[in-house]
Amino acid sequence: MKEEPVPFDKFARIGIYPKDLERMPEDLRDKILRGELSPLMRLNVPVGDNSAVSIPMKIQLAYDKDGNLQLLTYQPEFGIRQES
């Protein structure tokens with residue numbers, strides 16, 4: 001991934017603020033900033049009126065077809081196992 005300023009605005013949308021990035025373990029932070037897929041993490045995503053929802057997800061920085069840096073989120077699918 002090419003060197004670019006950290007997109008703090010995109011991280012803030014999912015509840016990761018500059019202080020949170022600084023406090024992350026260095027190997028995890030570097031992995032995310034290199035564009036690698038993160039491990040599953042539980043993030044407190046802001047939702048209106050000063051509240052947040054805790055959501056498990058993986059994140060990844062990637063470029064779209066127009067060359068714009070995007071923060072992708074992946075949520076695991078939790079299904080109900082039915083036994084026959």
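Treat the numbers as computed from the prediction; the structure is a model and nothing was measured. Quick note: numbers below take in every heavy atom, side chains included, and nothing from hydrogens, waters or symmetry partners. FYI, the numbering just counts along the sequence from 1.
Considering only residues two or more places apart in sequence or on other chains, Asp27 meets the side-chain contact (heavy atoms from CB on, under 4.5 Å) condition with Pro25.
A donor-acceptor contact shorter than 3.5 Å is absent between the side chain of Asp66 and the backbone of Asn68.
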If you look only at distance, which donor and acceptor atoms sit under 3.5 Å apart when one is on a side chain in residues 41-60 and the other is two or more places apart or in another chain?
from  : atom 1 : to    : atom 2 : distance (Å)
Arg42 : NH1    : Ser54 : OG     : 3.3
Ser51 : OG     : Val47 : O      : 3.0
Ser51 : OG     : Gly48 : O      : 3.2
Gln60 : OE1    : Tyr74 : OH     : 3.0
Gln60 : NE2    : Gly35 : O      : 3.0

For a quick test of your reading: what N or O donor-acceptor pairs under 3.5 Å do the side chains of residues 7-20 make, sequence neighbours left out?
from  : atom 1 : to    : atom 2 : distance (Å)
Asp20 : OD2    : Tyr17 : N      : 2.8

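No single ILVMFWY cluster, assembled from side-chain heavy atoms under 4.5 Å apart, contains both Leu37 and Leu28. Both Val6 and Leu69 are part of a single hydrophobic cluster, where members link through side-chain heavy atoms under 4.5 Å apart.
Taken from CZ in Arg29 to OG in Ser38, the straight-line distance is 14.5 Å, to the nearest 0.5 Å.
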Determine, stepwise, if the pair Glu36 / Asp30 fulfils side-chain contact (heavy atoms from CB on, under 4.5 Å). CA-CA 9 Å; Glu36 296 178 33; Asp30 291 349; over 6 Å; no

